[in-house]
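Comments concern the structure below.
All values below were derived from every heavy atom in this structure, side-chain atoms included, with hydrogens, water molecules and symmetry-related copies excluded.
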Amino acid sequence: MCTCKSTCWVVFMNYPAWVVHDTQRTSIRSHSPAKPVLIFVSSRRQTRLTALDLIAFLATEDDPKQWLKMDEREMNDIIATVRDSNLKLTLAFGIGMHHAGLHERDRKTVEELFVNCKIQVLIATSTLAWGVNFPAHLVIVKGTEYYDGKTRRYVDYPITDVLQMMGRAGRPQFDDQGKAVILVHDIKKDFYKKFLYEPFPVESSLLEVLADHLNAEIAAGTITSKQDAMDYITWTYFFRRLIMNPTYYNLDDVSHDTMNKYLSSLVEKSLFDLECSYCIEIGEDNCSIEPLTYGRIASYYYLKHPTIGMFRDQLKPESNIEELLLILTNAEEYTDLPVRHNEDQMNSELAKHLPIEVNPHSFDSSHTKTHLLLQAHFSHAMLPCPDYATDTKTVLDQAIRICQAMLDVAAHHGWLVTALNIINLVQMVVQGRWIHNSSLLTLPNIELQHLYLFRKWSQGKRKSLHGGYQGPIECLPELMAACEGKEHVFASIVDGELQTAHISQAWNFLCRLPILNINLSIKGCWDDPAQPQNEVPVPSLTTDTRDDNRWIKLHADQEYVLQINLQRTQMGQDSKAMAPRFPKVKDEGWFLILGEVDKKELIALKRTGYVRNRSTVSVAFYTPETPGKCIYTLYLMSDSYLGMDQQYDIYLNIIPASTSAQVTTDVSDTLSHLTLK
């Protein structure tokens with residue numbers, strides 16, 4: 001805590017709760033009346049409440065703007081660019097707020113103002129202590145406890161966090177000393193005195209997530225046996241601390257036999273948990289370990305093993321959106337979402353305004369809250385408090401990753417219906433709309449009451465149209481076809497209901513939506529010995545379904561490659577998807593799914609990224625073993641937009657397997673290798 005030419009003074013306050021606010025005001029007045037002050041609080045809500053309390057204090061002073069160190073007119077210009085309404089208020093008094101719930105631009109604004117000493121007081125959550133370095137003359141730690149939503153109780157900050165917060169006191173280049181005030185309960189005063197002035201060891205937290213770490217190493221091939229797992233543990237920091245401080249890890253002594261039994265039990269328990277989650281398989285020799293598909297998926301997407309095990313148990317061949325939403329929100333990754341004091345009542349009230357019912361006895365559950373927040377996201381429902389908006393961002397941050405893992409599980413089982421519904425769920429998360437809503441509602445400023453305009457315009461103008469789209473406008477592709485790239489046509493549809501600026505904003509969104517043209521062909525082997533490797537084009541949709549030329553002859557039980565040529569009709573300017581309701585910047589991408597609708601079977605899944613101009617994707621598939629006619633369907637589905645999906649039927653006439661074609665292929669492969677040599 002002491003730095004060069006700087007002394008850190010620590011003052012322990014053990015005042016009761018009702019004088020805490022007065023204490024922090026007095027501390028600022030006594031220890032740092034004109035120098036920067038950093039106040040750490042336990043939650044985002046506390047940043048707001050503390051700031052409002054300080055403003056109430058300033059209102060009683062002769063100079064209520066004493067903490068504002070810049071011209072008020074300049075500050076008003078800055079406030080005009082700030083999004084958060086509470087921050088607008090506090091900045092006017094020279095008080096900044098900093099937490100993860102603020103928009104990134106608002107956080108940057110606050111950071112610059114505080115670093116440049118334009119505002120004197122900054123109130124932040126404890127995470128700031130580990131982030132950007134913002135030293136201050138005075139640091140106030142407003143309590144050493146925070147509410148843990150997982151355990152539903154108040155718990156102490158790790159002592160390292162308290163040290164880190166205190167370490168922000170003192171500015172070596174400006175001050176010769178720094179001051180820290182810690183507001184703490186009387187019974188804990190001696191504890192903090194002892195550990196803040198004496199060295200404190202850093203212990204390992206590996207035990208809590210050991211199974212997931214072992215799964216990642218098993219999936220990567222680093223660990224292939226129980227002995228490998230034992231060796232892996234001996235390379236960790238946990239093992240070093242186990243030897244130095246065994247009682248912390250519930251170990252009596254560090255003798256060879258005791259250590260061996262302890263580590264063996266850890267490995268056995270972790271591997272048993274992974275087996276129960278279908279991530280690994282223990283060999284018949286009870287020593288070797290084999291990774292399973294579920295374990296690889298969990299490792300790839302950084303999922304906890306109970307989550308992937310839950311997918312295995314709850315995903316079904318024809319899971320609908322409602323069932324998938326429940327599975328998504330039951331993921332272990334959402335267990336730590338906080339359910340704060342009285343939020344069970346808020347959850348109960350919020351549930352009344354949402355379409356899908358939840359268990360009325362679980363309003364204090366993190367998973368139920370996650371379910372409600374996603375429903376509110378899709379429904380554009382009013383949230384009960386600003387903290388819920390921040391919690392929604394936390395939920396959305398992880399939703400795509402979890403859905404991608406669900407999709408891989410569905411593809412592994414060949415569940416076509418479930419896979420298509422999972423992709424629809426991804427689109428819903430990104431755009432913040434229900435799948436059954438009109439895709440026209442994803443346009444900015446277009447609401448439910450405006451939809452009649454599109455139907456009315458279509459019906460009224462149909463007779464006067466010559467060529468182009470003739471039907472009613474019910475979705476985005478139909479609107480794009482009706483407008484034919486002309487803004488005045490779109491403006492005529494919504495004229496009178498939207499302001500000019502709103503029309504322009506909606507039109508810009510519409511113009512940037514991706515329109516992809518697709519050409520399909522199949523590569524493989526046929527009976528013609530002169531040309532064993534052929535590429536056969538897939539007939540377009542305009543071909544008569546009764547035309548025999550529509551049916552492509554392929555040999556049974558043989559591998560072919562579906563060649564998919566994608567062409568964007570308008571030049572893509574930016575790979576970023578337009579998703580104003582999604583909290584993170586997201587690249588536009590596509591899913592390609594080949595399936596057989598009659599059997600509800602997923603045959604192949606391929607992901608592809610942003611298509612700027614042209615792109616070619618190859619999807620390998622095997623034909624059925626039994627000759628006969630069948631129809632495969634290719635789905636091109638956006639991972640960002642609702643209503644922009646396409647599907648193409650591929651008519652296949654499966655003929656008996658050709659031995660000569662297979663032999664020709666093998667000979668051709670052999671000759672190509674010889675030629676290369």
Side-chain angles (χ1 to χ4, degrees), residues 1-2 7-32 37-57 95 97-100 121-130 136-170 178-203 205 208 245 247-248 336 338-344 364 387:
M1 290 173 296
C2 293
T7 305
C8 185
W9 296 86
V10 183
V11 182
F12 290 90
M13 300 289 186
N14 57 348
Y15 296 104
W18 60 272
V19 294
V20 164
H21 295 307
D22 186 58
T23 302
Q24 64 190 7
R25 302 178 202 139
T26 306
S27 298
I28 296 174
R29 179 180 289 172
S30 302
H31 301 298
S32 186
V37 179
L38 189 54
I39 303 175
F40 286 109
V41 295
S42 61
S43 67
R44 300 162 186 172
R45 182 181 295 175
Q46 277 298 318
T47 61
R48 183 174 67 254
L49 296 177
T50 302
L52 295 176
D53 176 75
L54 290 176
I55 290 174
F57 157 70
I95 302 171
M97 296 189 299
H98 194 289
H99 57 75
V121 178
L122 177 61
I123 306 168
T125 50
S126 59
T127 51
L128 180 66
W130 293 100
H137 179 72
L138 170 65
V139 167
I140 300 174
V141 181
K142 189 182 174 185
T144 58
E145 294 181 343
Y146 69 96
Y147 185 76
D148 183 5
K150 187 175 182 179
T151 59
R152 299 174 191 168
R153 63 188 180 91
Y154 284 92
V155 297
D156 289 317
Y157 283 126
I159 195 69
T160 50
D161 282 11
V162 178
L163 287 170
Q164 191 71 16
M165 288 184 250
M166 289 175 53
R168 295 299 179 223
K179 299 179 181 179
V181 175
I182 303 176
L183 305 180
V184 62
H185 290 297
D186 186 53
I187 57 175
K188 296 179 181 178
K189 182 177 177 180
D190 292 335
F191 168 83
Y192 278 98
K193 273 189 174 181
K194 174 180 174 61
F195 284 107
L196 290 178
Y197 289 117
E198 296 179 8
F200 190 76
V202 178
E203 300 296 346
S205 299
E208 302 169 12
N245 190 11
T247 54
Y248 183 85
D336 293 331
V339 181
R340 304 173 188 88
H341 185 60
N342 288 333
E343 283 192 352
D344 54 339
D364 59 348
D387 286 330

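In this structure, CZ in F40 is found 11.0 Å from CD1 in I140, a value given to the nearest 0.5 Å. The CZ atom of F57 sits 7.5 Å away from atom CD1 of I28, with the distance rounded to the nearest 0.5 Å. Once rounded to the nearest 0.5 Å, the distance linking OH of Y192 with CG of L163 reads 10.0 Å. Expressed to the nearest 0.5 Å, how far CG of L52 lies from OG1 of T47 amounts to 9.0 Å.
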query = Does the side chain to side chain contact (heavy atoms under 4.5 Å, CB included) test come out yes or no for Y157 and S126, once each step is laid out?
reply = CA-CA 9 Å; Y157 283 126; S126 59; 3.6 Å; yes
task = Run the numbers on I123 and K142 for side chain to side chain contact (heavy atoms under 4.5 Å, CB included), then give the verdict.
result = CA-CA 10 Å; I123 306 168; K142 189 182 174 185; over 6 Å; no
task = I would like to know whether V155 and Y146 meet side chain to side chain contact (heavy atoms under 4.5 Å, CB included); could you show each step before the answer?
result = CA-CA 6 Å; V155 297; Y146 69 96; 3.3 Å; yes
key: Full working for side chain to side chain contact (heavy atoms under 4.5 Å, CB included) between I95 and T50   = CA-CA 10 Å; I95 302 171; T50 302; over 6 Å; no
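Inter-residue side-chain proximity for V162 and D156 is flagged as unmet; no heavy-atom pair is nearer than 4.5 Å.
Take H99 and apply the side-chain hydrogen bond (donor to acceptor under 3.5 Å, both in side chains) test, not counting sequence neighbours, and it matches no residue. With sequence neighbours excluded, the residues forming a salt bridge (Lys or Arg N to Asp or Glu O under 4.0 Å) with E343 are R45, R340, K369, listed by chain and number. In this structure, the side-chain contact (heavy atoms from CB on, under 4.5 Å) partners of V141, at least two apart in sequence or on a different chain, are V139, M165, I182.
Put simply, the residue from L138, V121, L122 that forms a side-chain contact (heavy atoms from CB on, under 4.5 Å) with L38 is L122.
Closest approach of K179 and A169 over heavy atoms only: O-CB, 3.4 Å. Among all heavy-atom pairs drawn from R48 and M97, the shortest one is CA-SD, 3.6 Å. Nearest heavy-atom pair, V184 versus K189, reported as atom, atom and distance to 0.1 Å: CG1-CA, 4.3 Å.
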